[in-house]
Amino acid sequence: MAENKKMSVAEILAAARKADGGSSGEAEPPAEAAPVEAEAAPEAAAPETEAAEPATKPKPATGASGGRPSVAEMMAMARAEKGGGAKPAAPKPAPKAKPAAAAKPAAKKPAAAKKGPAEPRDTASILAAARKGNKPGPMSKSEAAAKAKDDPKGKAKAPIVVPPMPAKPAYAKPAAPAKAKGKKDEVDEGVRDFLWVGFAGLGAVTALWSLASLKFLFPNVRREPPSKFKVGFPDAYPAGQVQTKFKAQYGVWVANAEYNGQQQIYALKSVCTHLGCTPSWLEAEQKYKCPCHGSGFYKDGINFEGPAPRPLERCAIRIADDGQIEIDKSRTFQEEMGQWEDPACYVSV
Amino acid sequence: MTHGLTDAQFFDMVSRFLGPYYIALALMNGLAALYLWRSDQTKTWFRLPIPLTGKSLPITNVIGWLVFALLFTILAGIGGKSGGAQLLELPESWREAINTYTDPIWYSVITTVGLVVVYVFRGFFVKPAVAWIIWNLMWLFLGLSMTDSDFFEIVAKPDNVPIVMLVFLLAFFTWLGTYQAVINDRRKENGEPPMEKVNDEKVLVWPDLVYTELICMIALTAFLIFWAIALPAPLEEAASSVKTPNPSKAPWYFLGLQEMLVYYDPWMAGVVLPSLIVAGLMAVPYIDFNKAGNGYYTIKERQFSYIVFQFGFLEMWVTLIVLGTLLRGPNWNFFGPYEHWDAHKVEALNNVNLSEFFWEKMLGRSLPGTLALADISPSLDPSNWVIVPWLGRIVDPFLQFFSLLFGRELPGTLLVLGYFIALPPIMALTVFRKFYERMGFIRFMVMANLLLFMGSLPIKMLLRWIFDLKYLIAIPEYFFNF
């Protein structure tokens, strides 16, 4: 027998199973035989057992009052059985508890409901109690009541005995770095090198791939007209006329008109200063008119109707060496900034 | 769509549309009559005495709708016949009148007055019989207008079909909500609980709601597929950065914003006002202090919220979408619904800024210029300084901007500042005194400013239409226009 040793969980459970098997094996026939009696049993049994049962077996008694033997009961029984055999009737549950236990199939539910949460029990507390109980044996009723009462608290306070950690096996011990000179370590080094190569390769591929996707954002072919282009000789622009034939290709109107009392040839960018739509030159009304929000501009590009807040922009214009007019769209001149005074934005006629 | 068609070909095409159209309307009325009859909702309008017999024949709503169905059947017979559409035109004088009264000023005045009338007499307009007659008249108006080629061109364009649907759906749902609100208000007066509380049965999400949603989902998908097949999206020529279609219209749901861009600087109409719409809608639950109307329709208990919402939604958002769709043509000019879209229509829209109006027209002097450090005194000219010659480059733009803001643009600046700074306290002291007491300072200021921003749009539109006013504050030098 293992009186001196504390019981392990496995032992306790094994004992509990044994006790359960024994009790149910015996309990079933009477239950079938006398279901009426069994139904009546819990009410009658509960006070009776508690009052009459001697303090020798407190745990089975409480369990019996609840009908089916609870785990705690089983534990207690197991402990009683193993811990020194203090009771003569150890192998089996108490005879008094028997009828109540027998009533378990029928009376389980009402009994449980009746009993309520008087004795909260969980595995941890049972185990703690089992481990603590060095001295299993008779317990007085007051003792049992006290124990049942501060069971939840006792559970919290129960010292938890932690078994000593097993010694680390040799293979789990970290290799001493000082001795890293063997053949095995050279293999590690090789693996590490290989990993480095792998990660470097992965990084390089990712970088290349990112660059490639960045490149993808920029078109291969830019259908953007050159910013500098020639539009013919000045005498092709009679006074008072707006030439619209370069609008489709270059996005400019070339006009020969009077501005500030001076006859000029100038290039206006065909981008509305409101939101960037392309206005159209209406010959009949002598104005540039935007189809998006109805902004209108005079022939010289000054805004006069609709929401456009400022005049159209002029492009740089000059007479090239061959006598043709050359327009540079990359330089623009804004009237509201006073930039139309700049001789680079018109050709005097 | 109608380009290159002779009149006869056009009317043939319209006839093919009008036949099924009027038959559908006849069916709609017939089914309504059948439903009312079978569900015992017959109502006697009046009794027609039959001569000699001394008896009288009750004229019920069922008979009324059956008469409507009969009329639409006759119209289907006339309009559906080849070339018969010609007989179903609106009189020329009517179309002329409608064209005249859809210029922006009349259009906004009429829609506003119309909404006010409908609101004030909502008890009459929500009666099912009245609403049903208006509903029929709306469809009849659409059918009769379709025989006009200019109208047909706009309305039958696949892009614009959703707008037509929107108008009808909106009319229906506005009626539905108002109808229930009117009933609830009436019940409240009699001390009864609102309709929603009477039949307060709980419905489960699963299966009741989920099944309904599933069926709606399937039906809607089927409808969209049918729509996509029946009215293919119009494809245009390849996009070009130097060629803009004329007129160039935003998707229909953005047409209200596009219309806003006509009156405001892009920065204002494209960024500030749309953000304020979103932020304002998000702020509504926090500035709303009226606990009534929770879970049931009501107008009387939430008059202010109702009016503000309907003004913002029906008047500002939907009306502008309809205006942008139906009334804006080439060069973004206004066109009546039966007017030909003439790209060369000349409209004098010579807009002037308030500063020009004030300084040049009223005071007869030139616009005040800008100010730089050197102008104040030659000794301040930074180019003369040895130590910090770059200071002028930093200070001058600020000086220039503020000298424009409080110099040349002073009248507009004062008006705008007065509008946004002086008006809220005045509102708190007068009209909105009770609101202010209940809302507290911050909530009231948020609400007042949101209201004023909403009000600024129609004010600016009216100023543009009536006075050709371009901007109140115009500082194009710094892209600051209001």
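Since we're looking at a predicted model, the values are computed, not measured.
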*Toward chain A, the part of Arg464(B) with a non-hydrogen atom under 4.5 Å*: side chain
*In this structure, are over 12 heavy atoms from other groups packed under 6.0 Å from Phe467(B) atom CZ?*
no
*Is atom NZ of Lys245(A) surrounded by more than 12 heavy atoms (other residues, nucleotides or ligands) closer than 6.0 Å?*
no
*State whether the side chain of Lys470(B) and the backbone N or O of Ala308(A) hold a donor-acceptor pair below 3.5 Å, judged by distance alone.*
yes
*Check whether any side-chain heavy atom of Asn246(B) lies under 4.5 Å from a side-chain heavy atom of Lys289(A), and answer yes or no.*
no
_Counting only non-hydrogen atoms closer than 4.5 Å, does Tyr288(A) touch chain B with its backbone (N, CA, C, O), its side chain (CB onward), both, or neither?_
neither
*Under the side chain to side chain contact (heavy atoms under 4.5 Å, CB included) rule, what do Asp468(B) and Glu305(A) come out as? Steps first, then yes or no, please.*
CA-CA 9 Å; Asp468(B) 281 330; Glu305(A) 64 180 8; over 6 Å; no
*Calculate, to the nearest 0.5 Å, the distance between atoms CD and CG belonging to Glu285(A) and Asn331(B) respectively.*
7.5 Å
*asked:* Does Phe334(B), at its CZ atom, have more than 12 non-hydrogen atoms belonging to other residues, nucleotides or ligands within less than 6.0 Å?
replied: yes
*Would you indicate whether the side-chain heavy atoms of Pro307(A) and Tyr471(B) approach each other to under 4.5 Å?*
yes
*Pro330(B) versus chain A, heavy atoms under 4.5 Å apart: side chain, backbone, both or neither?*
neither
_If I take atom NE2 from residue His293(A) and atom OH from residue Tyr263(B), how far apart are they, to the nearest 0.5 angstrom?_
11.0 Å
_CG on Leu275(A) to OG1 on Thr244(B), rounded to 0.5 Å_ = 11.5 Å
*Does Phe401(B) CZ have over 12 foreign heavy atoms under 6.0 Å away?*
yes
*Just by distance, do the side chain of Gln258(B) and the backbone of Cys292(A) share a donor-acceptor pair under 3.5 Å?*
yes
_Crowding at OH, Tyr101(B) (>12 non-hydrogen neighbours, <6.0 Å)_ = no
*Distance-minimising heavy-atom pair for Pro266(B) and His274(A)*: CG-O, 3.1 Å
